[in-house]
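Since the model is a prediction, treat every value here as computed from it, not as a measurement. Both counts, for ligands and for their atoms, begin at 1 and track the order of listing.
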Amino acid sequence: MPAVPLRPDEDVTLSARAPIAPVATSPHVADATRQRLLRLFDAMPVMMLVLDLRGRIRQANGRLQALLQRPRAALVGRRALRLLPRAQRRGVLEAVLRTAHQADACARQPLRVQDAIGGWHHLRFATVLERDELQQPLHWLCTLEDETPQRSAEDTLRLATTHSGIGLWDWTIDADVFHADDQVCTLWGRPPAARPAAAPADAGSAVAGRAPDTGHGDLRPLTLNLWREGVHVDDRAPLALALRQAQREQQPVHTEFRVRWPDGQLRHLQLVGRPDAGRDGTAHLRGTVWDVTESRRLASELAEQHERLRVTLQSIGDAVLTTDALGLLSWMNPAAERLIAWPLAEALGRPLQQVLSLHDERTHAPLHNPVEACLRGRPGRRRPPAVLIARDGREHGIEETTAPIRGHTGQVLGAVLVLRDVTEQRRLSAEMRHRATHDPLTDLVNRSEFEQRLARSLDDALERGHRHALLYLDLDQFKLVNDSCGHAAGDELLRQVARLLADGVRSRDTLARLGGDEFGLILEHCTAEQAQQIAQNLCDRVERYRYTHQGQRFAVGASIGLVPIDSRWPTPSAVLQAADAACYAAKEAGRNRVQLWQDADATLHARHGQTQWAARLARALDEDRFVLYAQRIRSLHPARPGQPPQDCCAELLLRLVAEDGSLVAPGAFLPAAERFHLASRIDRWVMARGLQALAGLGPLRRPDCLNINLSGQSIGDRSFHAWAVDQLATAGPDICARLCLEITETAAVTHVADAETFIRQVRSAGVRVALDDFGAGASSFGYLKTMTVDCLKIDGQYIRQLTDSPLDEAAVRCFTEVARVMGLRTVAEFVERSEVLERLQALGVDAAQGWLLHRPEPLRDLLDRFESERRAACQLSG
Ligand SMILES: Nc1nc2c(ncn2[C@@H]2O[C@H](COP(=O)(O)OP(=O)(O)OP(=O)(O)O)[C@@H](O)[C@H]2O)c(=O)[nH]1
């Protein structure tokens with residue numbers, strides 16, 4: 001091969017034959033052909049130029065002139081290399097010279113050239129050395145392909161894929177080679193450096209290492225390790241299958257798989273691709289891949305939340321319904337299906353009001369569908385308590401809550417309605433309310449509710465001058481039924497009387513059981529005269545009524561106190577106390593009658609005073625304002641041999657310490673205590689303090705016997721029995737042996753059975769029992785037969801005039817004789833004169849007490865006295 005000058009920048013003489021000069025015989029034809037070729041050359045879409053062997057420009061076509069913005073004349077004859085930036089000249093020169101040594105060689109070289117206005121262009125330069133028939137070089141024919149648009153598209157794509165995290169891949173199927181961009185490496189958790197560098201574009205075979213014909217030149221080979229082994233072991237086969245299938249069926253592929261990153265992370269990737277053919281005819285599958293781990297995580301979180309919500313809504317007791325923006329039912333949970341008795345499938349899409357029938361609980365008037373207001377964006381107004389009438393006709397008390405469902409822009413998409421079945425809750429609270437305001441035995445209004453209503457009636461009378469009346473009704477001889485037939489029978493009588501009374505009054509009146517056998521009645525808008533008629537009518541009803549128990553018939557009566565409710569009363573309790581006093585007066589006047597309150601009636605005022613005492617007593621008990629006094633009981637005979645000494649005996653007496661510090665004797669407050677059921681509380685106080693005083697006393701201070709009085713209420717009260725027995729057991733036998741409980745004959749008579757039981761219990765604890773006020777009742781001797789007691793305390797009425805009344809003396813003689821026969825000790829009360837004392841001694845009475853012998857003094861002082869007497873006796877005998 002002939003040598004070619006290696007310096008194209010030197011002047012090289014071109015051969016006479018131009019490379020594009022046609023071989024023509026006629027100069028005319030040749031010229032025409034040449035002109036056509038030149039025009040063709042000029043119009044070529046790629047830039048072309050012809051260089052002579054010295055590298056000077058012989059021809060430059062229109063495209064090149066346009067890029068450089070120079071006319072042909074300005075280019076022809078110029079050294080081509082000079083048009084290039086200095087740094088690129090050597091590369092081009094070397095490429096060009098390589099063509100001189102190899103026939104048909106084609107040199108390629110990428111170039112960056114600045115155009116006339118300064119813009120950079122990426123050019124792909126290619127040249128061949130044209131030779132003549134003798135292989136003599138003629139000139140270089142060069143093309144310059146402008147790749148700038150393609151490059152900028154690639155740059156844009158690279159930018160887009162890098163920032164969006166989308167990786168590009170290309171699988172050359174036959175060669176089974178993957179090419180991918182850097183992003184794919186990142187998605188696989190590997191640095192881009194983990195893949196081999198791209199092979200030079202024109203080196204080697206069509207496959208290995210060569211960038212595939214993807215249209216963008218940034219893909220480089222990916223090792224099988226990276227592509228396959230990065231994929232989770234369970235997903236490799238399904239992924240390969242999906243790719244193969246896409247290729248086989250020439251269908252797009254869209255699949256998801258996991259890759260395991262070197263640090264152990266598991267990422268979810270989504271891949272799409274489609275079959276394609278390279279320009280060289282090779283089969284490819286090309287596509288993109290991106291990370292969906294976050295959306296998978298969100299999706300699974302969302303699914304979890306959805307599931308949680310679903311299970312919650314399925315299992316909660318509240319009914320939940322949703323509607324669309326038009327108020328059509330779109331969903332409901334099973335609780336809602338049960339409540340409204342519509343299956344979801346049937347109710348779906350229906351207007352809510354068609355499946356939901358809500359009514360005012362009180363009036364049963366239909367209520368508006370609560371969702372309507374909610375959908376209109378108006379807050380629901382306060383609604384009355386509602387009931388829902390289900391499709392099957394059942395009624396449910398319900399509480400409802402509505403809320404709009406909004407889209408992300410705030411527009412209302414629908415509404416959710418939650419219904420809570422509160423039927424049972426309402427029933428319970430109604431029952432609780434009823435229980436709190438009613439008496440469980442008779443189902444009449446109870447005392448506290450009655451007092452509230454009385455307060456309202458009094459307010460009404462004071463503020464508006466309306467006239468109302470109050471009746472206070474106490475049954476007569478009720479105790480007889482209790483005592484002879486038992487409490488259950490007494491309860492039944494109370495129930496029957498309650499019905500009897502209720503039938504005799506208007507429904508607007510308030511009839512209440514105030515406690516025991518006492519009833520109260522508020523007659524609204526009723527004058528005293530009308531009230532008196534009603535009261536008399538009730539009285540007659542009760543009088544006519546007969547209670548039958550196991551063949552026995554009982555008649556009870558009613559004593560009624562009547563008080564007009566008007567401005568004379570400052571408080572409701574004043575009205576009530578006045579009515580109680582009037583009732584008591586009716587009893588005292590012979591029972592079974594009506595007593596109208598008279599402001600001028602002294603008896604009524606006395607009774608009224610008692611009611612005021614009740615309040616003072618209750619306060620004194622709360623504030624512990626009582627003190628223990630004692631009165632000595634003197635023995636009238638020396639102790640019989642073998643009997644305990646009876647020199648130091650006393651009866652405990654109670655004093656109330658008034659608010660001003662003065663002492664009040666029991667006569668002033670005990671009737672009130674009995675009347676207002678406070679006697680048992682007082683007895684507990686006395687007994688507890690008495691036992692306390694005895695506990696831990698030295699032998700010289702100890703009384704030989706200490707008498708404690710018990711009221712009839714305590715004797716009839718089983719809970720008092722239990723409490724007293726417990727106290728005695730705690731006090732121990734030594735104290736019990738020095739104790740004597742006094743029970744009045746009346747108390748014993750009124751509560752025969754209870755008294756017998758109680759006496760048996762305390763006596764078995766070693767406590768003595770005295771029958772107090774013996775002889776005051778009519779049948780004292782009879783009770784002695786059934787009741788085992790230790791002592792008779794002869795009632796004061798027989799003692800005071802003993803020396804002046806032969807009758808009293810006969811009675812005392814009789815009592816003493818009976819006691820002697822029965823082995824009982826006798827004590828005379830109210831001994832105030834010495835001649836009486838002497839007579840008592842003569843009659844054989846064992847002991848006596850009264851002001852003659854000892855005026856009551858504080859218990860502590862009396863115990864001191866016992867101690868000093870005993871010391872003196874010891875000194876005398878010693
Ligand atoms: N069965 C029964 N008796 C009760 C109840 N509450 C109180 N009592 C008794 O009712 C009686 C009420 O006493 P009083 O009103 O003095 O008895 P009474 O025989 O009607 O006497 P007078 O009213 O004087 O005629 C007492 O014996 C109480 O123990 C009760 O709920 N059921």
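Listed by first then second residue, pairs satisfying side chain to side chain donor-acceptor pair (under 3.5 Å) with a partner in residues 511-524 read D439-R513, Y472-E518, not counting sequence neighbours.
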Working for salt bridge (charged side-chain N to carboxylate O under 4.0 Å, His left out), residues R738 and D734: CA-CA 7 Å; R738 291 164 192 281; D734 184 44; 3.7 Å; yes
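Y545 meets the side-chain hydrogen bond (donor to acceptor under 3.5 Å, both in side chains) test with Q496; sequence neighbours excluded. Checked against side chain to side chain contact (heavy atoms under 4.5 Å, CB included), D566 has the following partners two or more places apart in sequence or in another chain: P564, R568, W569.
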Quick check on ligand 1: any N or O pairs to the protein under 3.5 Å? One line per pair.
| residue | atom | partner | partner atom | Å |
| --- | --- | --- | --- | --- |
| ligand 1 | 1 (N) | N482 | OD1 | 2.8 |
| ligand 1 | 1 (N) | N482 | ND2 | 3.4 |
| ligand 1 | 1 (N) | H487 | O | 3.1 |
| ligand 1 | 1 (N) | D491 | N | 3.4 |
| ligand 1 | 1 (N) | D491 | OD1 | 3.0 |
| ligand 1 | 3 (N) | N482 | ND2 | 2.7 |
| ligand 1 | 15 (O) | D517 | OD1 | 3.1 |
| ligand 1 | 15 (O) | D517 | OD2 | 3.0 |
| ligand 1 | 19 (O) | F478 | N | 3.0 |
| ligand 1 | 19 (O) | K479 | N | 2.8 |
| ligand 1 | 20 (O) | L475 | O | 3.0 |
| ligand 1 | 20 (O) | Q477 | N | 3.4 |
| ligand 1 | 20 (O) | F478 | N | 3.0 |
| ligand 1 | 20 (O) | D517 | OD2 | 2.8 |
| ligand 1 | 23 (O) | D474 | OD1 | 3.2 |
| ligand 1 | 23 (O) | L475 | O | 3.2 |
| ligand 1 | 23 (O) | K587 | NZ | 2.9 |
| ligand 1 | 24 (O) | R591 | NH2 | 2.6 |
| ligand 1 | 25 (O) | Q477 | N | 2.9 |
| ligand 1 | 25 (O) | R591 | NE | 3.0 |
| ligand 1 | 25 (O) | R591 | NH2 | 3.3 |
| ligand 1 | 31 (O) | R513 | NH2 | 2.9 |
| ligand 1 | 32 (N) | D491 | OD1 | 2.6 |

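The aromatic rings of F815 and Y798 stand perpendicular to each other, their planes meeting at an angle above 60°, with 30° marking the opposite boundary.
For the pair H438/E449, no side-chain contact is recorded, criterion being any heavy-atom separation below 4.5 Å from C-beta on.
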